[in-house]
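Data first, discussion second: the structure below is written as structure tokens.
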Amino acid sequence: MKALSRIYAIFYKELLQLKRDKMTFAMIVMIPLMQLILFGYAINTNIRHIPVGVVDQSHSALSRILIQTISATQVVTFEQHYMNTTQAEAGIASAQVRAVLVIPADISQRLARHPVVGLGTPPATNQETVRPVAQWMVDGSDTLVASAIKSLRNMPLAELLKKPANRNTPTFEVTLFYNPEQRTVVNIVPGLVAVILTMTMIMFTSGAIVRERERGNMEMLITTPVSSLELMIGKIIPYLFIGFLQVIIILGLGHVLFHIPINGSLLSLAGATLLFITASLTLGLVISTIAKNQLQSMQMTVFVLLPSILLSGFMFPYEGMPVIAQNIAEALPATHFMRLIRGIVLRDANFTDLNRDIYWLILFTLGGLLIASIKFKKTLD
Amino acid sequence: MSEYVIQARQLSRNFGDIKAIQQLDLQVEKSQIYGFLGPNGCGKTTAIRMLIGLLKPSSGEIEVLGLKLPDNADKLRLKIGYMTQNFSLYYDLTVKENLQFIGRVYGLSINEQKKRIDELLDVYDLNKQKNQLAGTMSGGQRQRLALSAAILHHPELLFLDEPTSAVDPENRRDFWEKMFALSDQGTSILVSTHYMDEAERCHKLAILKSGIKRADDTPENLMQQMDANVVEIEANNLPQLKKDLLELSDIISTAQLGARLRVLVKKSVKDPLDFLSQHNNIQSRDQLTLARPNLEDVFVTSTGEQST
Ligand SMILES: Nc1ncnc2c1ncn2[C@@H]1O[C@H](COP(=O)(O)OP(=O)(O)O)[C@@H](O)[C@H]1O
Ligand SMILES: [Mg+2]
């Protein structure tokens with residue numbers, strides 16, 4: 001009973017201080033808003049309108065039609081004409097364009113012998129059939145840009161010759177679940193919940209104990225009967241609410257602005273979020289008991305934040321990472337929450353499918369609380 | 001239970017090479033105001049922190065309210081109040097919010113809290129400021145708030161670390177009235193200060209210098225049993241006289257007070273007036289009188305140093 005009163009005392013005090021700390025209060029709302037809009041609109045792995053050039057050595061009607069057909073895919077935009085390949089290479093080097101299409105003088109012959117067109121009788125020799133119609137020179141440093149242009153390699157050419165589109169039967173049929181239109185934002189927004197919560201929750205609590213120390217309140221606090229665990233719990237609770245507020249902002253706005261579906265139940269969503277928020281908050285508290293001042297706590301926060309963004313599966317698929325990176329990722333609460341929230345929001349996965357992640361988050365929270373309370377000594381030594 | 005609320009034996013505390021407190025023996029009786037007198041850095045705060053269980057002693061034994069420290073620090077917390085040297089409540093909370101925080105932390109019921117806070121706001125004259133942020137108050141108001149917070153849970157024993165250092169003289173006088181009132185109600189108080197006039201009002205005091213206790217008794221006894229006589233000289237050219245007298249090994253210190261020079265002469269000198277009038281620089285028309293020792297003289301004599 002007395003313990004509850006003490007936890008309430010700490011909780012209410014934090015709430016009052018938070019209310020008066022306009023800056024932090026603004027951050028609570030602004031961080032998710034800004035990030036959502038930035039990531040939602042800016043990050044797009046479906047690349048469109050890459051600026052490219054062309055070296056047209058044939059100057060034929062055919063080459064002009066080829067250029068138009070490629071433009072119609074919207075993957076690239078032709079912005080430059082170069083006289084020769086040397087100029088074209090200079091254009092790539094100076095970042096005028098990302099790639100250059102080189103159309104050879106004998107394009108009509110190459111096209112005629114191309115298997116898709118199939119005009120060559122008697123059948124073309126192997127040597128001739130393997131010759132592509134034209135060549136792309138690409139600035140390959142950005143792999144996303146490069147692969148977008150590579151995707152043009154097997155562009156259908158039939159319509160070039162006003163032939164009915166001769167559909168090749170693909171080797172595989174692919175059915176896309178959950179995000180059939182392949183919009184990056186559908187995967188990004190739920191992931192953003194994990195990233196923003198990691199950032200704000202750890203940031204707010206990592207300063208919590210340090211601040212009391214720096215402002216000289218610690219000497220008073222530790223002469224009161226408040227126990228370390230009560231102090232930790234009291235300090236966490238206000239941020240639980242803030243965490244939920246942020247989730248509502250991100251997913252709510254994500255739904256309105258980017259039409260992100262929420263397929264799973266709100267209850268499992270709330271459950272998973274609660275677990276992740278407490279895990280992040282205790283991680284912040286652990287940092288706070290280790291750090292000597294607010295600068296150190298900030299540095300440690302960044303130290304945790306970076307791998308949480310890079311390794312959690314937010315940026316790159318977890319499965320594609322080397323084993324060491326996967327092991328690091330497994331230790332981070334953000335990785336587990338990333339699976340949980342994408343699972344629940346996009347796939348309507350239920351808790352039993354995601355057991356392992358849930359257990360880890362619970363374990364992490366309990367371990368964190370224990371470490372923080374042990375590390376926090378009620379003395380000034 | 002012993003009638004001592006605080007007992008310490010051979011208490012020492014080092015910070016690396018710094019010996020903040022050395023072999024301190026201490027006995028504080030119930031319902032008394034006990035003073036720690038000493039300049040900045042002499043170890044007052046360190047001693048208090050050890051007596052509360054905030055710092056572990058490097059060696060020595062402590063018993064406060066019958067509880068051995070530092071093992072029983074948790075049990076002790078409910079029975080003592082501590083007013084830190086620097087304000088340690090929350091600047092961004094109002095007077096009332098700060099007091100409510102303390103009330104909840106000590107587990108007072110809502111009714112008890114309300115009654116006690118109203119009472120404290122009255123007694124410590126904070127009613128007008130009750131909704132003001134602590135950070136925007138004056139030093140005196142903040143100090144009264146800190147005291148209210150320290151005694152909110154009716155502690156038997158109160159530790160006050162330089163409570164009046166950020167306060168003007170009038171507020172200091174008021175503050176001591178409040179302390180005597182608490183003491184009359186049975187609260188034992190340990191207070192540290194570097195003001196002589198405040199130390200003189202304590203029932204008993206310990207003089208600390210560089211972590212070592214130099215003397216410890218009632219102010220009256222300290223002054224009576226002082227190891228020096230006080231002579232006041234009225235003469236011309238006091239600065240020169242002051243310099244010359246300090247050369248003598250039997251003179252402990254000299255201090256100019258307006259037109260007079262206050263000289264501390266070792267007790268081993270049988271007749272200090274005669275001794276001084278022998279001195280070349282003292283003319284026959286100069287006036288020499290024996291003066292009543294004050295606490296500053298005691299301090300200077302026992303620490304061998306001029307205080308400021
Ligand atoms: N936490 C600490 N770390 C290192 N030195 C300390 C610490 N606290 C006090 N000291 C040193 O101990 C000595 C006594 O300090 P303190 O008890 O604060 O004196 P006072 O309260 O009488 O001004 C000083 O020399 C001070 O520098
Ligand atoms: Mg001090």
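Convention: sequence-line order gives letters A, B, ...; per-chain numbering from 1. Here the structure is a predicted model, which means the values were calculated and not measured.
- Looking only at atom types and distance, the side chain of B/E198 has a donor-acceptor partner in the side chain of B/T164 under 3.5 Å away.
- Side chains of A/T200 and A/Q246: a donor on one and an acceptor on the other come within 3.5 Å.
- Ranked by non-hydrogen atom pairs under 4.5 Å with chain A, the options B/L93, B/L133, B/I80 are led by B/L93.
- With a 4.5 Å cut-off on non-hydrogen atoms, B/I102 touches chain A through its side chain but not through its backbone.
- The aromatic rings of B/F101 and B/Y90 lie perpendicular to each other, with more than 60° between the two planes, well past the 30° mark.
- Of the atoms belonging to A/E230, not a single heavy atom falls under 4.5 Å from chain B.
- With 3.5 Å as the limit, one finds no donor-acceptor pair spanning the side chains of B/D161 and B/T84.
- Annotation: maximal heavy-atom pairing with chain A below 4.5 Å, among B/R104, B/E97, B/Q100, occurs at B/R104.
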So B/D92 and A/R215, side-chain contact (heavy atoms from CB on, under 4.5 Å) or not? Walk me through it.
CA-CA 11 Å; B/D92 46 357; A/R215 294 192 189 163; 3.5 Å; yes
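- For the 3.5 Å distance criterion, the side chains of B/E112 and B/S109 qualify, holding a donor opposite an acceptor.
- Salt-bridge annotation for B/D118 and B/K115: absent, with no side-chain N of the basic residue lying under 4.0 Å from a carboxylate O of the acidic one.
- Of the two parts of B/L76, neither the backbone nor the side chain holds a non-hydrogen atom closer than 4.5 Å to a non-hydrogen atom of chain A.
- Using cut-offs of 30° and 60° on the angle between ring planes, the pair A/F11 and A/F241 is tilted.
- Using a 3.5 Å distance cut-off with no hydrogens or angles, the side chains of B/D25 and B/Q10 do pair a donor with an acceptor.
- With a 4.5 Å cut-off on non-hydrogen atoms, A/L4 does not touch chain B at all.
- Contact residues of residues 31-58 of chain B toward chain A are B/R49, B/I52, B/G53, B/L54, B/L55, B/K56 (heavy-atom distance under 4.5 Å).
- Put simply, of A/K2, A/R6, A/E219, the one with the most heavy-atom pairs under 4.5 Å next to chain B is A/E219.
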